[in-house]
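Small disclaimer: the values here were computed from a predicted structure and weren't measured. The first residue of the sequence shown is numbered 1, and numbering continues consecutively from there.
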Amino acid sequence: VDDIPILINVILKAGIREAVDKYVPVQKNQRDLSWGRTAVIWLAYILTTGDHRKVAVQEYVKRMQVTLTELTGMLISDRDFSDDRLSVPANYLSREEYRTGTEQTVSENSIEVYELLPEVVRVDATTVSGFRETAEGELFQFGHSKDDANRPQIKIMTGSLDPLGMPSASDVVSGERADDGLYPPIISRISSMLCRKGLLYVGDCKLSSAENRLHIKAKADGHCLCPLPNTGSTPENMVIWTDEGNRRDEQEELIKYTVTNNKGEEVLKAKGYETEREQSGVTDGRETKRTERVLTVKSPAHEQQQKKGLERRLKKAEEKLHALTPPRGRGKRQITEETVLTGSAESVLKKHKVQGLVDYEYVKEVEKETKYVGRGRGSAGREKTVVEKVRYQITKVSRDNEKIAETVKNYGWKAYVTDVAKNRPGFIDIVRTYRKQYRIENIFNHLKSRLNIAPLYVKRKDQIKGMTHLLMLGVRIYTLIEFAVRRSLSDSRQKITGLHPENPGKATDSPTCERILKAFSNITL
């Protein structure tokens with residue numbers, strides 16, 4: 001039996017069966033099992049095994065035939081889950097009109113069933129790489145990737161709802177597309193799906209372009225929250241903002257965001273201040289003006305991370321500078337020109353981003369050797385010449401501690417921008433909201449680690465899109481189970497044990513979906 005009953009129950013509760021049956025048309029001579037029922041059992045199989053290969057489903061259903069028949073109340077045959085038959089719903093889910101309709105139906109049903117009142121929407125993109133051949137018009141293309149730049153990729157744009165952390169809309173595009181232009185379509189779809197004004201859209205610095213912020217304001221009637229990228233006028237402004245922040249910090253004028261750890265100690269998470277600025281832009285041919293809040297925030301954790309990174313770069317640069325001029329010996333190449341030495345040294349400093357922070361001194365060493373002119377043995381009257389061997393040697397490498405201290409003083413600072421009114425929410429609420437951006441990263445973690453989207457075992461463009469959207473529906477089920485259990489434990493102020501085999505007595509009130517499902521893995525009837 002395993003966890004199949006609980007998975008099928010949650011999938012049905014989310015309304016996936018009705019959504020698929022509503023938007024995937026019935027075919028001529030179709031078998032009795034509807035596409036909605038097919039999708040429910042297929043998703044349950046993917047979620048319990050982490051295997052999205054179509055070819056493996058038929059054999060699994062054959063082994064689970066009695067259980068599935070009892071659960072669904074219908075006669076389930078393994079022929080309902082052949083590779084060819086599963087390609088049909090995957091094909092329809094790749095088409096925008098069917099996919100968006102299915103997503104909207106499932107999202108609306110989930111919000112109603114789980115009694116959610118969404119106020120925050122998180123938007124972000126991820127990439128999925130694969131060993132594929134690229135061609136014009138194909139989804140797999142080379143692009144900027146955190147996974148592997150040597151492999152082509154597809155890009156998945158997602159919007160999720162807080163506090164559920166459930167993906168409510170997604171797009172699959174070719175891997176070379178820039179993230180900036182992917183935000184407006186997904187935001188527009190979520191806005192029309194939720195039919196609510198004043199939603200706060202949270203994203204990374206790629207959301208912060210003027211076009212995206214204007215789109216959220218004018219088209220979605222919402223608000224944005226995102227960090228400012230280190231481009232345009234931001235670097236100049238950051239110098240001013242951080243100087244003001246350091247001045248206020250010395251006078252203890254910064255707003256502090258603290259939390260209580262498990263030891264009952266108050267821990268500083270962030271501190272900063274905020275200012276306002278007027279921004280303008282053109283929407284539909286009309287110039288619009290808006291007031292934005294700029295939050296300049298210093299994170300102690302980020303500051304320590306930057307300090308450690310600087311120390312690593314300084315040590316590496318010092319080691320490589322000394323290695324430029326080794327002592328004389330076999331195989332030890334010497335630098336004989338001053339321009340070569342200075343060029344190599346500056347290249348090392350630039351590579352490790354420590355220009356101006358490390359100084360070096362060098363000397364010119366000249367060795368003179370007297371030799372006879374020509375070949376043969378020497379004699380008292382034979383002509384001689386003096387040969388000079390020149391090399392440049394680095395004698396000292398030192399750090400400029402004053403400049404390093406000045407640089408470190410600006411570490412940990414970051415600027416965020418939002419157009420939410422100042423009284424709703426406040427500085428600490430804004431900081432706390434952005435720090436929960438990990439919730440959308442959890443979606444990508446489920447997609448890659450649990451559902452194993454890479455590699456994709458399909459080739460055609462429509463199947464790639466359809467399978468990706470089916471797996472995104474699977475992520476919804478994971479987030480629904482996790483959210484429902486955690487909310488129930490929080491309401492009852494209870495903790496559960498037995499989910500950690502390495503520590504059976506460990507109690508938790510925030511179990512992951514993987515551990516919850518694993519607790520059902522040995523149930524048999």
Side-chain angles (χ1 to χ4, degrees), residues 142 144-146 148-150 229-232 234-240 242-243 245-246 250 298-414:
F142 286 100
H144 177 71
S145 173
K146 295 180 180 178
D148 187 350
N150 297 317
N230 198 30
T231 57
T234 301
E236 298 176 6
N237 291 332
M238 278 302 297
V239 174
I240 301 171
T242 54
D243 286 345
N246 288 324
E250 291 173 358
K298 184 169 187 175
S299 166
H302 184 43
E303 179 185 15
Q304 290 302 316
Q305 188 180 27
Q306 287 183 302
K307 284 181 179 179
K308 289 179 181 178
L310 175 62
E311 182 61 29
R312 284 194 300 269
R313 298 198 309 274
L314 288 170
K315 286 183 178 180
K316 282 285 186 182
E318 290 169 341
E319 291 172 2
K320 291 187 177 181
L321 285 175
H322 282 299
L324 287 176
T325 56
R328 291 187 185 277
R330 172 175 283 185
K332 305 291 186 181
R333 181 172 294 181
Q334 306 297 312
I335 296 178
T336 59
E337 296 180 14
E338 183 178 10
T339 54
V340 174
L341 175 64
T342 55
S344 299
E346 291 302 320
S347 177
V348 168
L349 298 178
K350 183 178 180 180
K351 179 180 178 180
H352 294 284
K353 301 178 183 179
V354 291
Q355 293 168 294
L357 305 181
V358 175
D359 298 322
Y360 60 94
E361 298 176 7
Y362 62 93
V363 295
K364 178 182 180 181
E365 295 181 353
V366 180
E367 288 186 5
K368 295 183 178 182
E369 184 180 356
T370 302
K371 290 186 175 183
Y372 291 106
V373 177
R375 300 175 64 183
R377 293 183 179 182
S379 61
R382 189 171 173 182
E383 184 181 356
K384 298 179 181 179
T385 184
V386 177
V387 178
E388 292 185 349
K389 290 184 177 180
V390 178
R391 75 163 182 167
Y392 287 86
Q393 188 75 10
I394 291 179
T395 58
K396 183 180 180 181
V397 177
S398 59
R399 300 182 182 185
D400 191 329
N401 292 321
E402 289 186 6
K403 288 185 179 179
I404 290 174
E406 190 67 25
T407 301
V408 168
K409 190 170 67 172
N410 295 325
Y411 278 177
W413 289 101
K414 204 165 188 177

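Side chains of Asn246 and Trp413 form a contact here, defined as non-hydrogen atoms less than 4.5 Å apart. Side-chain contact between Tyr362 and Leu341 is present, with heavy atoms from C-beta onward closer than 4.5 Å. Counting heavy atoms from C-beta outward, Glu318 and Arg399 have side chains that approach closer than 4.5 Å. Using a 4.5 Å heavy-atom cutoff, the side chains of Val358 and Val348 are not in contact. Residues Glu367 and Arg391 fail the side-chain proximity criterion, which asks for heavy atoms closer than 4.5 Å. Looking at Tyr360 and His322, their side chains never come closer than 4.5 Å, going by heavy atoms from C-beta outward. In this structure, Val340 and Ser344 have side chains that are in contact, with non-hydrogen atoms separated by less than 4.5 Å. In this structure, the side chains of Leu349 and Leu357 stay at 4.5 Å or more apart for every pair of heavy atoms.
Taking CD of Glu337 as the start and NZ of Lys364 as the end, the distance is 11.0 Å to the nearest 0.5 Å. Separation of atoms NE2 (His352) and NZ (Lys320) is listed at 3.5 Å; rounding is to 0.5 Å. Expressed to the nearest 0.5 Å, how far CG of Asp243 lies from CE of Met238 amounts to 10.0 Å. Note that the CG atom of Leu314 and the NZ atom of Lys353 stand 13.5 Å from one another [nearest 0.5 Å].
The two residues Asp400 and Gly356 come nearest to each other via the heavy atoms CB-O, 4.0 Å. The two residues Ile394 and Leu321 make their nearest non-hydrogen contact at CD1-O, 3.3 Å. In terms of heavy-atom proximity, Pro235 sits nearest to Asn230 at CG-OD1, 3.3 Å. Of all the heavy atoms in Ala317 and Val354, the pair that sits closest is CB-CG2, 3.7 Å.
When atom types are taken as modelled, the side chain of Glu361 and the backbone of Thr395 share no donor-acceptor pair closer than 3.5 angstrom. The backbone N or O of Tyr392 sits nowhere less than 3.5 Å from a side-chain atom of Glu338 that would complete a donor-acceptor pair. The backbone N or O of Lys403 sits less than 3.5 Å from a side-chain atom of Thr407, completing a donor-acceptor pair. At distances below 3.5 Å, not a single donor-acceptor pair connects side-chain atoms of Glu365 with backbone N or O atoms of Val363.
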(message) Assess the residue pair Lys308 and Glu311 against the criterion (side-chain contact (heavy atoms from CB on, under 4.5 Å)); give the C-alpha distance rounded to whole Å, side-chain angles, the decisive distance to 0.1 Å, and a yes or no.
(response) CA-CA 5 Å; Lys308 289 179 181 178; Glu311 182 61 29; 5.7 Å; no
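The existence of a salt bridge linking Lys307 and Glu303 is confirmed by a sub-4.0 Å separation between a basic side-chain nitrogen and an acidic carboxylate oxygen. Looking at Glu406 and Lys409, a side-chain N of the basic residue comes within less than 4.0 Å of a carboxylate O on the acidic one, giving a salt bridge.
Within a 6.0 Å sphere centred on NZ of Lys298, other residues, nucleotides and ligands contribute more than 12 heavy atoms.
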